[in-house]
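Note that these values count all heavy atoms, side chains included, but never hydrogens, waters or copies made by symmetry.
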Amino acid sequence: MKKAVIIPDSFKGTFTSAEVCETVRESLERRYQDIECVLIPAADGGEGTADAFLRALGGQRINVLTTDPIGRNIEAHYALIKGRTAVIEMAQASGLTLLERPEPMSSTTFGTGKMIIDALGIGVRDIIIAIGGSATTDGGTGCLTALGGAFLTSGGEKVTTGGELDKIADIDLSGLDERLTKCNITVLCDVTNPLFSKNGAAYVFAPQKGADKEQVELLDKGLRNLAAVTERKLGKTTADIPGAGAAGGLGFALMTYLKAEFRSGIDSFLDLCGFSEKIKDADIIITGEGKMDQQSLCGKVPFGVAKRAGGVPVTAIVGVCDIGEDEARRRGIDRIIETNPERLPFSEVKKHCREQLRAAADKITL
């Protein structure tokens with residue numbers, strides 16, 4: 001009997017990872033009568049991570065009332081796995097997709113903090129936070145405020161948005177929820193940018209969140225001020241540590257104030273789902289994502305999977321690929337199959353994406 005392990009990421013805008021799994025499984029089972037398909041819908045710390053953990057590990061979906069990046073009341077959810085571990089996806093509360101139009105100066109991570117509070121309230125003591133897909137550049141001040149901290153102006157007013165970071169004059173941590181001291185917090189992140197500077201959160205990521213040149217400069221100035229006040233208050237700063245600039249500086253807040261540990265999103269997922277055991281005796285591993293490019297090399301699902309393949313041949317189905325075949329092979333992917341090799345515009349791709357995915361799946365050979 002042949003064995004195929006199917007472990008793709010989602011194809012943003014068209015397919016969930018679970019839908020990709022099913023399409024590939026149907027193709028293989030139609031063409032190979034004697035085959036075992038192991039389906040592992042995956043995520044690497046971005047949108048869909050909480051649901052991916054639930055599908056892979058089982059557990060409970062916890063609905064929670066929180067607020068979106070501009071303070072509107074919304075309902076979100078997180079995953080409760082292994083009894084007392086919460087997987088919180090910050091994009092559920094603070095994600096760019098929640099906004100009709102970007103609000104780079106006024107968006108806040110306050111809603112993510114409210115989700116953490118909810119998890120503490122049900123007895124969670126291990127928290128995994130996936131911080132991809134943010135709308136924010138608030139340095140994590142909103143999240144920490146929801147948890148009981150306070151970032152204060154010289155007049156004693158609280159600061160929770162990126163546009164006000166340059167006004168921070170003091171930080172009060174006396175009100176932080178005491179339950180946090182008994183928590184282990186792991187951040188799923190593959191971003192290595194520092195908090196500020198030309199390679200920092202504002203200059204690199206804020207334009208993607210709607211910031212113009214002037215706003216980028218103001219946000220970077222604010223992040224510098226946050227780091228300076230933090231250093232005066234705590235006697236240390238983590239602003240230069242890789243990952244501090246992730247999610248608009250939420251990475252900085254979590255590692256500085258909550259002593260969070262950073263881990264690769266895909267590596268954490270593969271460890272928790274028992275990937276090494278599941279690929280034993282496998283004849284092929286099939287992975288994929290919507291667009292494979294240079295960012296994919298920095299810990300996205302396909303190359304994270306390939307790195308852990310243990311000699312099993314790896315095929316990747318992708319919408320489009322901007323990486324050379326030689327580079328992909330050096331990174332452990334033996335074959336790449338594109339669903340949109342003609343590079344049709346996305347408006348056209350959406351009309352025919354199911355047929356394209358099925359046709360690509362039919363090209364997989366064991």
Side-chain angles (χ1 to χ4, degrees), residues 5-21 23-24 40-49 52 89 91 95-97 130-134 187-193 199 204-205 207-208 242-243 245-247 251 262-271 273 275 279 284-310 312-344 346 349 353 356-357 360-361 363-364:
V5 176
I6 308 168
I7 181 168
D9 199 352
S10 62
F11 284 41
K12 186 173 288 187
T14 52
F15 300 107
T16 66
S17 52
E19 289 172 329
V20 178
C21 281
T23 300
V24 173
I40 313 174
D44 55 17
E47 296 170 47
T49 295
E89 184 183 318
L96 187 59
T97 58
I131 62 174
S134 76
V187 177
L188 303 188
C189 175
D190 295 296
V191 168
T192 59
N193 301 73
N199 196 36
V204 175
F205 301 111
Q208 302 169 16
F262 274 48
R263 288 207 66 199
S264 159
I266 186 59
D267 280 339
S268 295
F269 179 81
L270 295 177
D271 287 343
C273 78
F275 179 71
I279 64 171
I284 190 172
I285 296 170
I286 301 155
T287 185
E289 63 181 335
K291 183 178 182 181
M292 181 174 282
D293 56 19
Q294 290 300 312
Q295 290 189 25
S296 303
L297 301 176
C298 299
K300 297 295 185 181
V301 169
F303 288 101
V305 166
K307 185 175 67 175
R308 303 272 293 268
V312 180
V314 178
T315 291
I317 292 181
V318 302
V320 295
C321 180
D322 291 334
I323 294 175
E325 290 184 5
D326 290 342
E327 176 71 12
R329 288 195 187 96
R330 283 196 297 270
R331 302 288 188 123
I333 294 180
D334 302 282
R335 185 185 181 195
I336 296 174
I337 303 171
E338 292 183 283
T339 65
N340 181 27
E342 298 87 2
R343 306 299 174 99
L344 298 174
F346 189 66
V349 169
C353 58
Q356 291 173 327
L357 181 60
K363 295 177 182 177
I364 297 171

query = Got I333 and P302 here, is their nearest side-chain heavy-atom distance under 4.5 Å?
reply = yes
Step-by-step side chain to side chain contact (heavy atoms under 4.5 Å, CB included) determination, F269 to I40 = CA-CA 10 Å; F269 179 81; I40 313 174; 3.8 Å; yes
Side chain to side chain contact (heavy atoms under 4.5 Å, CB included) between V191 and F205, intermediate numbers included = CA-CA 11 Å; V191 168; F205 301 111; 3.8 Å; yes
request  = Calculate, to the nearest 0.5 Å, the distance between atoms CD1 and SG belonging to I337 and C321 respectively.
outcome  = 12.0 Å
request  = Have a look at I284 and tell me which of V314, V5, I364, D334 forms a side-chain contact (heavy atoms from CB on, under 4.5 Å) with it.
outcome  = I364
task = Quick one: do D271 and R308 satisfy salt bridge (Lys or Arg N to Asp or Glu O under 4.0 Å)? Show the steps, please.
result = CA-CA 10 Å; D271 287 343; R308 303 272 293 268; 2.6 Å; yes
task = Give a yes or no on whether the backbone of N193 and the side-chain of N199 come within a donor-acceptor separation of less than 3.5 Å.
result = no
note = Of all heavy-atom pairs linking I323 and M292, the shortest is CD1-CG, 3.7 Å
ask   = Is the number of heavy atoms from other residues, nucleotides or ligands within 6.0 Å of CD (E325) greater than 12?
value = no
Inter-residue atom distance R263.CZ - C189.SG, 0.5 Å rounding = 13.0 Å
key: Heavy-atom closest contact (A309 atom, I279 atom, distance)   = O-CD1, 3.4 Å
message = With a 4.0 Å cut-off on N to O distance, would you call R343 and E338 a salt bridge?
response = yes
message = So, taking the atom named CD1 in I131 and the one named OG1 in T49, what distance separates them when rounded to the nearest 0.5 Å?
response = 11.0 Å
query = For the residue pair G288 and F11, what are the closest heavy atoms and their distance?
reply = C-CE1, 4.1 Å
query = Looking only at atom types and distance, does a side-chain atom of E327 sit under 3.5 Å from a main-chain N or O of G324, one as donor and one as acceptor?
reply = no
query = Could you state the interatomic distance from CZ (R331) to CG (D326), rounded to the nearest 0.5 Å?
reply = 13.0 Å
message = Please determine whether side chain to side chain contact (heavy atoms under 4.5 Å, CB included) holds for the pair V305 and F275, giving the CA-CA distance in whole Å, both sets of side-chain angles, and the decisive distance to 0.1 Å.
response = CA-CA 9 Å; V305 166; F275 179 71; 3.9 Å; yes
F346 side, atom CZ; K12 side, atom NZ - distance, nearest 0.5 Å = 10.5 Å
message = Under a 3.5 Å threshold, yes or no: a donor from one side chain and an acceptor from the other, between D190 and S264?
response = yes
task = State whether the side chain of T315 and the backbone N or O of I286 hold a donor-acceptor pair below 3.5 Å, judged by distance alone.
result = no
task = Give, for atom CG of N340 and atom CG of L357, the distance between the pair rounded to the nearest 0.5 Å.
result = 12.0 Å
Closest heavy-atom pair and its distance - A52, A43 = CB-CB, 3.7 Å
ask   = Are any of the side-chain heavy atoms of Q356 and L344 separated by less than 4.5 Å?
value = yes
request  = Show the numbers, then the answer: is there a side chain to side chain contact (heavy atoms under 4.5 Å, CB included) between L270 and K307?
outcome  = CA-CA 11 Å; L270 295 177; K307 185 175 67 175; over 6 Å; no
note = Minimal heavy-atom distance between P41 and S17, with the atoms involved, is CB-OG, 3.3 Å
message = Please give me the minimum heavy-atom distance between T339 and G319, naming the atom from each residue.
response = OG1-CA, 3.2 Å
